[in-house]
Amino acid sequence: MLFQKKINRVIDVEKAEKEFDERMEGQELEKGDRLAMVLAGLIVFVPAVLLVIGFFLLVIWFFFGRFV
């Protein structure tokens, strides 16, 4: 199958979490890592959320606002 390894990882969550924990066992977060992860999340999710909100506002305007 094309993505068999990824499918197995999704199906067997406990095994995937165990393997992830084993790989990350020796890794420590540095001082600015947490801030970097939060900023990266904001950079990714804020534009996506704004696009979705804009789409809904456009649909609402199209159905209700253009007749005013």
With sequence neighbours excluded, what pairs up with K6 under the side chain to side chain contact (heavy atoms under 4.5 Å, CB included) test? F3, R9
Side-chain heavy atoms under 4.5 angstrom apart, residues restricted to Ile, Leu, Val, Met, Phe, Trp, Tyr: same cluster for L50 and V38? yes
Let me check something: do V46 and L51 share a hydrophobic cluster, defined by ILVMFWY side-chain heavy atoms less than 4.5 Å apart, either directly or through other members? no
Could you work out, with side chain to side chain contact (heavy atoms under 4.5 Å, CB included) as the rule, every residue matching V59, not counting sequence neighbours? F55, F63
Check: D21 side chain, K18 main-chain N or O, donor-acceptor pair, under 3.5 Å: no
For the CZ atom of R23 and the CD atom of E25, what is their distance to the nearest 0.5 Å? 12.5 Å
Interatomic spacing from CG in L35 to CD in E30 - rounded to 0.5 Å: 13.0 Å
Let me check something: do F62 and L58 share a hydrophobic cluster, defined by ILVMFWY side-chain heavy atoms less than 4.5 Å apart, either directly or through other members? yes
The remaining residues in the hydrophobic cluster of V49, counting side-chain heavy-atom contacts under 4.5 Å among Ile, Leu, Val, Met, Phe, Trp and Tyr, are I53, L57
How does the hydrophobic cluster around L29 look, that is, which other residues are in it when side-chain heavy atoms under 4.5 Å mark a link? M37
Return yes when atom CD of E22 has more than 12 non-hydrogen atoms of other residues, nucleotides or ligands closer than 6.0 Å, and no otherwise. yes
